Every structure is written in C-alpha cells, then in structure tokens.
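What follows is a set of notes on a single structure, which appears directly below.
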Amino acid sequence: SSEKQESIRETLSTLGTTIMKLKITLTFVQCMSFMPLVFELPFPSTMSQTMKFLELSSLDIYVFFGEVSCHMQTTFKQKFVFHMLLLPIIFFCIWIVWKVVLQTLKHKKKLKKHFEARFTIESMKTPMYTLVSLLVFGVYAGLATKTFQMFKCKEIQGRFYLVADFSVECYVGTWWSYAVFAILCIIVYVIGIPFAQLYVLWKHRENLHENSAEDPQSHRLVKKQFGSLYENFTDDCYYFEIVNTF
C-alpha cells in the first residue's frame, strides 16, 4: 500500500540522516586526533590526552595495542608500510568472502530451498559496496595523515630528521625509498579514492535520483550500490561526499 511505502521511505530517510551524522562525527573526531601530528602547539594536557584517545578512530592497529606497541620494536617506517597496506589487506579479505559467496551460489542446488532464496549476486553487491564505502571513508584520513608524515622533517644541527621518528634522517639513504612509496600512496589513496568515487557518480549522474532518472531500472540499481555516496545530498550536489572526504 501507499502508506507502507511512505513508511519505508521515512525509515530509510531517517537511517540515511543518522549515517550521515555518524560520518560527520567520525570526520570531526579523526581531525581532532590528528591535530598534534599536524600542529606543533602546546596543547593542554587534558586536551592532549583526549586527542590521544581519539586516535582509535584512525583504525590504526598500533593504536589499539597502546603502550604495548613500545615493546614491539617497530619503527615509524614499519608502521607506515603496514598502515599503507591495511586497505589492500581488507579488500583482499572482502574479495575472498565474495569468491566464497559465488561458489556457494554455484552449488545452491545442493542447498535447502529456504536457504537458496536468502541472497543473490545482486543482493550481495549492495552491502558489499556500502561496506567498502564506509571502510574507505573510515581509513582515508588516517592514510592521508600518515603519508604526509613521511615528509614532515625538522632541522637539528644542520641535519633534517623525521618528526615522527627522530632516528630517521630525511633526504638521505633509505628515506628516499619510503618517500617514493609515500608519493605513490598519495596518488593512489589521497587523490585516487575521491577521483574513483567521483568518476562512478559522474558516470551514473543521469540516473542518480528518482525524480530525474532517465532509466528507472538503472536508478534502482545505482541507488542500491552507490546510494550511500550521494543520496543524502541534493541533485545538484551529488558529489559533495567526495568534497567532504577530500
């Protein structure tokens, strides 16, 4: 009935608004946690402790270990490489799960009938795209901050040392290898992620919104897969999630 459809729309609208508020909150929390890394200011001790606690939002595994990380004998360069590989590792795990799902669907004739109807390839794509979008949004600020930390050096007695790890001398030796890797990560992550999202939305721009979609069927598919990127913004500002991320 029309009343039921209207109720579903209101529920989805409320859920979308809640998710958007959570995203904004996460962005604020991450920006707060990275302030001591970006600005060399004498923050009050209470504020410094609060920002240290908020580092949990960066999804950096070394932050979760807390003080134990001091005994892991890991340098900033090792932490940097691991952090840069975090997203590919997550994507690889998602890819494995996806392959398992495909294999399950291929052999669905062997499954019970009540289980066969639980999911299809199309129904699985929607949560997968949503999950990937949320993961990318969650780790983006941490990845961006970590890559630029590789270039934050301070001069001491005529030599430049990495602020994140004063045992590392900048502009000499192996630092250049990590610097090149950091530049590559800036291209792939800091620039590549928003560009890829913008390309997807621009490609489907004619079928993003229901009231202006040229193909209703394509609109439903696009909304299911990429709705989390644009459905909380107006038709003209469908790209604002990318602006917010960047």
Side-chain angles (χ1 to χ4, degrees), residues 1-28 30-31 87-88 90-99 101-102 104-106 108 117-144 147 184-246:
S1 63
S2 58
E3 294 182 358
K4 185 177 181 180
Q5 292 178 351
E6 185 65 27
S7 176
I8 293 175
R9 289 180 181 177
E10 291 181 0
T11 302
L12 292 175
S13 177
T14 303
L15 179 61
T17 302
T18 302
I19 293 176
M20 180 53 59
K21 289 180 178 179
L22 289 174
K23 282 185 170 183
I24 294 174
T25 303
L26 178 61
T27 303
F28 172 77
Q30 288 184 335
C31 289
L87 200 57
I90 294 175
F91 284 165
F92 179 71
C93 293
I94 294 176
W95 178 79
I96 291 177
V97 174
W98 179 253
K99 287 298 182 180
V101 171
L102 292 181
T104 302
L105 289 176
K106 286 182 179 179
K108 65 181 181 179
R118 286 181 182 272
F119 60 88
T120 62
I121 293 179
E122 291 301 325
S123 67
M124 288 298 298
K125 282 184 178 180
T126 300
M128 183 187 72
Y129 282 122
T130 303
L131 175 62
V132 169
S133 177
L134 290 174
L135 283 173
V136 168
F137 188 89
V139 302
Y140 181 82
L143 290 172
T147 54
L184 179 63
C185 292
I186 290 174
I187 296 173
V188 174
Y189 294 140
V190 182
I191 299 176
I193 289 176
F195 180 81
Q197 293 176 331
L198 181 61
Y199 172 75
V200 169
L201 295 183
W202 181 83
K203 182 180 179 181
H204 300 285
R205 64 190 183 282
E206 297 176 350
N207 295 304
L208 294 179
H209 298 90
E210 184 177 5
N211 57 351
S212 60
E214 296 183 358
D215 185 354
Q217 185 175 357
S218 297
H219 161 70
R220 287 191 290 271
L221 183 60
V222 172
K223 185 177 181 180
K224 285 181 179 180
Q225 295 181 355
F226 307 109
S228 60
L229 290 176
Y230 72 88
E231 63 183 350
N232 294 299
F233 301 99
T234 61
D235 295 16
D236 295 334
C237 297
Y238 66 88
Y239 54 84
F240 204 80
E241 174 76 359
I242 286 81
V243 176
N244 182 38
T245 301
F246 192 72

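Reckoned from all heavy atoms, side chains included, excluding hydrogens, waters and symmetry mates. All of these numbers come straight from a predicted model, not from anything done at the bench.
Considering all non-hydrogen atoms of both residues, F233 and H209 come closest at O-NE2, 3.7 Å. Taking all atoms of both residues into account, the shortest heavy-atom contact from Q197 to I242 is CB-CG1, 3.7 Å.
Tested against F226, the residues Y238, Y129, Y239 include a single ring pair (Phe, Tyr, Trp, His ring centres under 6.0 Å) partner, Y129.
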V222 and L208: CA distance, side-chain angles, deciding distance, side chain to side chain contact (heavy atoms under 4.5 Å, CB included) verdict: CA-CA 7 Å; V222 172; L208 294 179; 3.8 Å; yes
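With rounding to the nearest 0.5 Å, the separation of CG in L229 from CZ in F137 is 10.5 Å. Between the CD1 atom of I187 and the OG1 atom of T147 there is a distance of 11.0 Å, given to the nearest 0.5 Å.
Looking only at side-chain heavy atoms (C-beta outward), C185 and L143 stay at 4.5 Å or farther from each other. Looking only at side-chain heavy atoms (C-beta outward), Q30 and Y140 stay at 4.5 Å or farther from each other.
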Which donor-acceptor pairs under 3.5 Å do side chains of residues 198-207 form with protein atoms, sequence neighbours excluded?
| unit_1 | atom_1 | unit_2 | atom_2 | d |
| --- | --- | --- | --- | --- |
| R205 | NH1 | W202 | O | 2.7 |
| N207 | OD1 | E214 | N | 3.0 |
| N207 | OD1 | D215 | N | 2.8 |

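Crowding of F91 atom CZ: a count of heavy atoms from other residues, nucleotides or ligands under 6.0 Å exceeding 12.
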